[in-house]
Each structure stands twice: as structure tokens, then as C-alpha cells.
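The structure under discussion appears below in the form of C-alpha cells.
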Number of protein chains: 2
Amino acid sequence: MVTTLKPKLGANPERARSHNKQLVLRAVRHSGTIGRAEIARASGLSTQAVSNIISDLLAEGLLVEQGHRSAGRGLPVQQYAIRPGGGYAFGVEVRPTAMFTALVDLVGTPILTHRTPLKDPTKGVILDTVCAQLDHALSQTQVQRHMLMGAGIVMPGPFGDTGLTGTASELPGWNIGDPAEIFATALELPVFVENDANAAAMAERMNGVARGLDDFAYLYFGQGLGLGLVQNGQILQGAFGNAGEIGHIQVLVDGRPVELESATSRLSVQACLARQGMDVTTMDDLTSLYSSANRHLMLWLDQAAQALSAALSIIENLFDPETVILGGAMPDVLLDHIIARTVLPERSVSNRPDRVHPRLMRGTSGRMTATLGAAALVLHQAFTPTIAEAR
Amino acid sequence: MVTTLKPKLGANPERARSHNKQLVLRAVRHSGTIGRAEIARASGLSTQAVSNIISDLLAEGLLVEQGHRSAGRGLPVQQYAIRPGGGYAFGVEVRPTAMFTALVDLVGTPILTHRTPLKDPTKGVILDTVCAQLDHALSQTQVQRHMLMGAGIVMPGPFGDTGLTGTASELPGWNIGDPAEIFATALELPVFVENDANAAAMAERMNGVARGLDDFAYLYFGQGLGLGLVQNGQILQGAFGNAGEIGHIQVLVDGRPVELESATSRLSVQACLARQGMDVTTMDDLTSLYSSANRHLMLWLDQAAQALSAALSIIENLFDPETVILGGAMPDVLLDHIIARTVLPERSVSNRPDRVHPRLMRGTSGRMTATLGAAALVLHQAFTPTIAEAR
DNA sequence: TTGAACACTCAAGAAAGTTGAGTTAACGCT
DNA sequence: AGCGTTAACTCAACTTTCTTGAGTGTTCAA
């Protein structure tokens, strides 16, 4: 979901230049440091064109020189890298009880992160809080407002009035109007809104285990279970921005059909342990239960792995991803345990002998994944050529 | 799957022009007839640029003038339309027992269709046959070879060596090398290879019920059951071209888990009726069984609708499409029956009050759908701007 | 009748890319 | 050590394509 991009699909010199700039930035980001000639080869532009663009980007402060590297014969390559301070992105994750914010630089390093409790998550409070938090982040870090490239916002999906409306984790009042536009007006910035799974997937792609991957799926353990899909380097959003609502599909666990989410989410493990009289609220609680090999937790993990195996079969056969990443608000040890226990379906298009990535991987988990992912949405945009984004 | 497009992502004047040309063609195709000014507004180019491009396209024979239309004030609009003879596409569907071919013009009208039995579907025979059929089609229709924009080839998936290899409908010998390249070399044409479901989806989008839709799913009843996914106007291919292999996922029918394909495919209905001693081979057989309300067929239809309901839940929640289209090698009356009987899942992101399309629709079915879809792949390419096709 | 609205054309100008010759620096063969 | 080869990069002229702004023709409405 994006603030309305008008149909600027025609290529005129100005847009072509902006397109090429982003192409160059992407090439630099992709390989860390790189010289002009290599960028030219990768982009199909002439060295001269790349040279001109680079001197622009240097002047704008988006690139820095990185010294020479002599690779074989010929004149040593003058290398370039992204200048971290060349721009900043603001990431926001809105949950019913708290708002998480992060300010990250152009290479994705978090400069500042923050958690603000939300007593009353109404639309007005959220908008006020997000503006206040942005001001706070800017003044704390001395970052100039004009250096902000945009804001990414993570909100619980699904968006709009759907058959899944009424789910636990929902925020009231956002079903009317386009959230992206509302935030864009309040923050006076370009805004990108996604659900937690999509944002987490983008975080993984920008600075995590999915770096460089163009086709993968991300299973995000949040309140529920979300699926972030990246296809051809782009988030798969669906016609109304609600693709990836995997939590409510039926899978078999011990021969009985259950909603996937009721077998694999954080709410699920909490409810399961609560039935045994255990009150588990934090990730640390879970970690310590795990380290003591708590029987009930182990049973839950087993059925979660079972459910996941069924989900994996669906995801792999429907999307044919390079890999499926697991992450989110679940301790690493639990994720690793689940991954180890999950049976990789045999009858799957992903079951190929020539794979280069494992079929299941663990992503960067933890509290801030989705928030950093929100910021990553902005960075992704900054490194994505503008022409022909066919929306 | 596409013949290797080198990274020609940079925008230079030449590529920008070609991009803009395709943008103009697309705009014309989209609205049937249209004037310069409107195209300019839609594309973000100046009227002058559009004018220049149009005079190029007229000279190339891709457009024709369509007379004036006075719409309100001002100078009456000089309108343009696609010239059907401006180019041709060759569509090929390869099945184990036969090859179907079609030659279609630039607006998608079939000029000639043909069925060639294949005694021995080896790689060599297929390549020879496809070349012979192309020659035959050209000579029959007097179409000049240089007017061909490319060939689309439909082959049974999945491609490459996967966990689904060994499925009934497979062709031997295509697991090594890129089929698209092999065909491209043989035919000396740009070649696009897809599975039947993807091709059928594209046929629907170019000239069927999905015309103008950018996000939809197509369930194709073939030997098995395939899923064609169109996202943002592009076929979703997955990392290895095998996305949409929905046939092998588990669904519940009468409380029992079965492979979706074993409940919904043509092979499934044939096997089901064979168990009752009925030998059903043609679509006409099915139609007449249906018109006599055959009990076994009705039972099969009921369980197929059940399985479909489960599949629908998965497709809708994972892709959030505008609609799901049913089509393929199944008589229309049966598809309509199934659609009428399928319970639309309530807990689905597609269950929204503000829908404009039905959740389930019947596509153009029949023998030639996939073959025409193969040709549609070429047309789609011809109307898709070139820059930033990010592959 | 007159003026506003609109589509379209013409000619000049601007933006951005390409081309080809020239410069510089490192490698490696003699 | 000398010298030719290789490769990255720059400079300046050229080319393509788009935009701009003035101008023309047609229609509608006051």
C-alpha cells in the first residue's frame, strides 16, 4: 500500500535520470563498494553516463568515495559506497498497547529506537504520538528533517472491511480512508503502510538473511501468524493490500483440522501454557521454559512444527520461493527448535536437488524486527528504480 | 520464464522511446479507441511526445486511424486503434499426445488453429513438429515471417527436477537446459514458456473475463489442477518458474484430507466414473452425463465443490485477488455447477462488502484456452513497457 | 457573434545518453 | 628495467527524445 503514485509511467529525460540514479544506488548497495565500469556493465548504461550520475550522487551526499582497488591490469578502480548519512528513514510499528519507532540511516543502521506505551490506541492518539515521536527522534539525533526520505508504518492487517475483521489484534477506526494517506498528511512525508510480516520480510531483504534474494516468503510470528511474500524483489500486496493472511487457513494437526494461527502464534503458545496454569507473557519466560525443557512447551512446539509443515507445503507449492524464513516475536531457540522439527514436505516444487538455500531459515527475530522493517520499506523504495513500477 | 533478458535496465533515449511506445500501445489497447491528448494524460508524457510516437506507430503499421469523435468542446479527437494485422503471435500447447497451435493477430483474434497428434513426444519430435506447424501456419495464412512477434509455449509443469517430478502428465527430456532457450533457437523467435494455468490466466486477461484486471487467480482444470496467478498485471512465476502448483496441497473433503488435484481434476472425474464402470473420455461425454443428471457425476461435483471451497480459502487469503476464475478442459455446465455449489469461505480477506467482481467466475473454457493463452503471452509482452521489468 | 475550451501541430530549446579519442595506472612479458 | 597490453576513467562533440510555448482549427455556450 503506497501513497497514490500518479501514472508517471512515461519516460522523459528527467524521469529517466531519476530511474538511472536509483539503478546506480542499487548497484552500489548490492555490492557494498563498486566502481563506475562495473555499474555500467550491470545497468546497460555507458560508463560516461554512470560517471555523470555518480558525480551527481556525490554532490547530493548519497555516495562516498572508497579509495582505489587495483584488480588485475588497468587503471585501479575508484570505488564508491553508500554514505550512511545520505538519508534517513523513520520506521513505526503500531500495536494496540504500544508504538515502536526507529530512525535508521541510509544503510539501514538504527540510529535510535524507542517504545511508547499507548493507553488508548485511537486514531487521534496514534497520529499525535507518531508525530511527537518523529520530532523526538529528530531532535535526539540531530538529523535534519529534510534528510528524511519517508516513513514506513506497520499496522495489524488486514486492511479494510473483510471477512477477517474482528480479529483480536486489531486497531479500531482505520477502516475508513487510506491509512497511508492519513499518515502522510500528518507527517508530511511519503508513507508506506504494510503489515508486520511484509515489513519484516523487507527488513530481512535489506539487511538480514534474505539479502539479495528476490523471491522468498517470511513467516512472521506475531500476535497471530503472518506471511510476507517477496516476488521479484517486490512485496506481494494483493489487490487490496491483504495478501499473506495465512493465519486463518485450515491445516491438519494430529489428523484434526485447525486454523494455522491457533497452532503457531504467540497467542497460541500463551493460551496453551495458560491451560496448564502457566502465565507466560514475555519472550524471556518462554526462553527459560525452553531451557528447562518444559513438557507442555515441547508438546506445543511439536504441534507447531506439524502445522508449519503443512503451511510450508502450501507456501512452497504456491509461490516457489528460494527459501522460507521464520522470524518475529519468538525466541531464537524456539524458532530453531521448530525449524529442526519441521518435516520438509517431499511433494513440493521446492524439493529440488540443486537448491542453494535451505528450505527453512531463521530470520532476525526480536521485538524490533517489524519496526526496522517499516523503515526498510522506505529504503527499499529509495533503491528501486522509478519508471515502470506498474501500479 | 523468459528468454534471458540481459540487464538492460538503464534508461537511455532509445530504450525510453521503446518503453513509451509500448505505453502508448497499451493505452490504446486498454480503451479500444483513444486520442492523443488522453494518452498523454494517462502516461504523463506531453501531447507532442505522444504525437510523435503515434506517427511512428502508424508508420510501423501497429496503429490505425479510427475517425474523429467530437466530445464536448474543442477540436474533435482523432482516434486511434490497434491495427490487427500489425503483428502476429504463435501459440503452442504441448501435451503428451498432441500439439495444439494457434496463430493470433495483434488484437488476439485467432487466425488459424490446429491440432497435431504426437505419437512419440520426445524432445526432437516436439521441436520438429513445432517448427513444421509454424511454417504451415504462416503459409496457410499468408502471414510474413517477420510479422511474428514471438511464440508462447505451454508445457506441463513443473519445470526442472522437483519433488513433484514423476507426475502423470509430464514430458520427458526437458529437465536439462532452459526450454525457452531451446525453443527460441529452433524457432528463431523470442519465446515465452509457461504452464497451462498461467497461460490461460493471461488469455483471460488479454481477451476474456479478466480483461483489465491486474490481480486475479485462475484455477485451470487440466489433467491436474493448476493455479495461474496474476499480480500487478504480471504472471507470478516464483523463483524457478513453478509457482501455482496447487494440485498437490492437502484439503479436507468430507472431513478427510485428500490432494486437491485428486478431487478436482479431469483425471479425477474420469477415475471416479471409471470406478462406476463408466468410460468417459471426451468433454461431450461429461456434458451428456450432466444433462441426464447422472448421480455419480453429481456426487463427484459435490466433493469437487467442497475441495474447491478449501482451495478458495487458501488462494483468497494468500493472494487477495480481485477475483478467482475457473476454467480449462471442463464443460461450461460443469464449471457453472461447481461455481454455484462452492461455499464461499466467510473467514477470508476477499469477503468484503465493497467487492465489484464476484469471488468466483467462469473463464473462457474449452480445448484452446491454454493455446490461445500461449499466444497471449507474446501479446502481453508487446503491450508491456520494457524499462524496469526487474528480472 | 464572440470567447472559452480543447486537440493538435510546429519550431526552438533543453536534458540526458552515446560515441570516440585521449589520459592514466597497473600488470606481465621480454 | 623497459615496454606493450589492458582497463578505468575523462573530455568534447554528437544524437535522440522529450518539453515548451506559440499558433491553428473546431466546437460549444453565453
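The chains referred to below are lettered A, B, ... by the order of the sequence lines, with proteins before strands, and numbering in each begins at 1.
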- Task: Respond yes when some side-chain nitrogen or oxygen of A/S70 is under 4.0 Å from OP1 or OP2 of C/dC27, and no when none is.
- Result: yes
Restricting to nitrogen or oxygen on both sides, can you table the protein-nucleotides 20-25 of chain D pairs closer than 3.5 Å?
from   : atom 1 : to    : atom 2 : distance (Å)
D/dG25 : N2     : B/L75 : N      : 3.1

- Starting at atom CD of B/E38, determine the distance to atom P of C/dC8, rounded to an integer number of angstrom. 10 Å
- Query: Do any side-chain nitrogens or oxygens of A/R73 fall under 4.0 Å of OP1 or OP2 in C/dC29?
  - Reply: no
- Message: If we ignore hydrogens and angles and just use 3.5 Å, is the side chain of A/N20 paired with the main-chain N or O of B/A11 as donor and acceptor?
- Response: yes
- Please report, rounded to the nearest Å, how far the P atom of D/dC18 is from the CG atom of B/L23. 11 Å
- DNA chain D-proximal residues of residues 50-59 of chain A, any heavy atom under 4.0 Å: A/S51
- Message: Rounding to 10°, can you tell me the angle the first-five-pair axis of the helix from C/dT1-D/dA30 to C/dT30-D/dA1 makes with its last-five-pair axis?
- Response: 10°
- Task: List for me each residue that meets side-chain hydrogen bond (donor to acceptor under 3.5 Å, both in side chains) alongside A/Q78, sequence neighbours excluded, and say none if there are none.
- Result: A/H68
- Any side-chain N or O of A/R69 less than 4.0 Å from the OP1 or OP2 oxygen of C/dA25? no
- Query: Between A/S31 (side chain) and A/A27 (backbone), is there a donor-acceptor pair under 3.5 Å?
  - Reply: yes
- Calculate the interatomic distance between A/Q79 atom CD and D/dA7 atom C1'; express it in whole Å. 14 Å
- Between A/E60 and A/K21, is the closest basic N to carboxylate O distance under 4.0 Å? yes
- Item | Rounded interatomic separation in angstrom, taking NE2 from A/H68 and C1' from D/dC9 | 11 Å
- Query: Roughly, in whole Å, what's the span from CD1 in B/I39 to P in D/dC18?
  - Reply: 13 Å
- Quick check: does any side chain N or O of A/R29 sit under 3.5 Å from a backbone N or O of A/L106, one acting as donor and the other as acceptor? no
- Among A/N12, A/T386, A/D56, side-chain hydrogen bond (donor to acceptor under 3.5 Å, both in side chains) partner for A/R17: A/D56
- Query: Over how many whole Å does the gap from B/I34 atom CD1 to C/dC8 atom P extend?
  - Reply: 10 Å
- Message: Whether the side chain of B/N232 engages the backbone of B/Q234 through a donor-acceptor N/O pair (distance < 3.5 Å, no angle test) should be reported.
- Response: no
- Task: Rounded off to whole Å, could you give me the CD1-to-C1' distance for the B/I387 and D/dT17 pair?
- Result: 12 Å
- Item | Pairs meeting criterion salt bridge (Lys or Arg N to Asp or Glu O under 4.0 Å) with involvement of residues 65-84 of chain B, two or more places apart | none
- Note on the structure: The reported gap from CG in A/L25 to CG in A/L63 (rounded to nearest 0.5 angstrom) is 5.5 Å
- Message: Counting only side-chain nitrogens and oxygens, does A/R36 get under 4.0 Å of the OP1 or OP2 atom of D/dT10?
- Response: yes
- Task: Can you measure from CE (A/M149) to CZ (A/F90) and round to the nearest 0.5 angstrom?
- Result: 13.5 Å
- Query: Where the side chain of A/E322 meets the backbone of A/D215, is there a donor-acceptor pair that is under 3.5 Å apart?
  - Reply: yes
- Item | Any donor-acceptor N/O pair, B/R15 side chain to B/L9 backbone, under 3.5 Å | no
- Okay, side chain of A/S43, backbone of A/I39: is any donor-acceptor separation there less than 3.5 Å? yes
- Query: Once you round it to whole Å, what is the distance between C1' of D/dA8 and OH of A/Y80?
  - Reply: 11 Å
- Message: Less than 3.5 Å apart, any donor N or O on the side chain of A/T364 or A/E204 sitting next to an acceptor on the other?
- Response: yes
Protein-nucleic acid N or O pairs under 3.5 Å, nucleotides 12-16 of chain C:
none

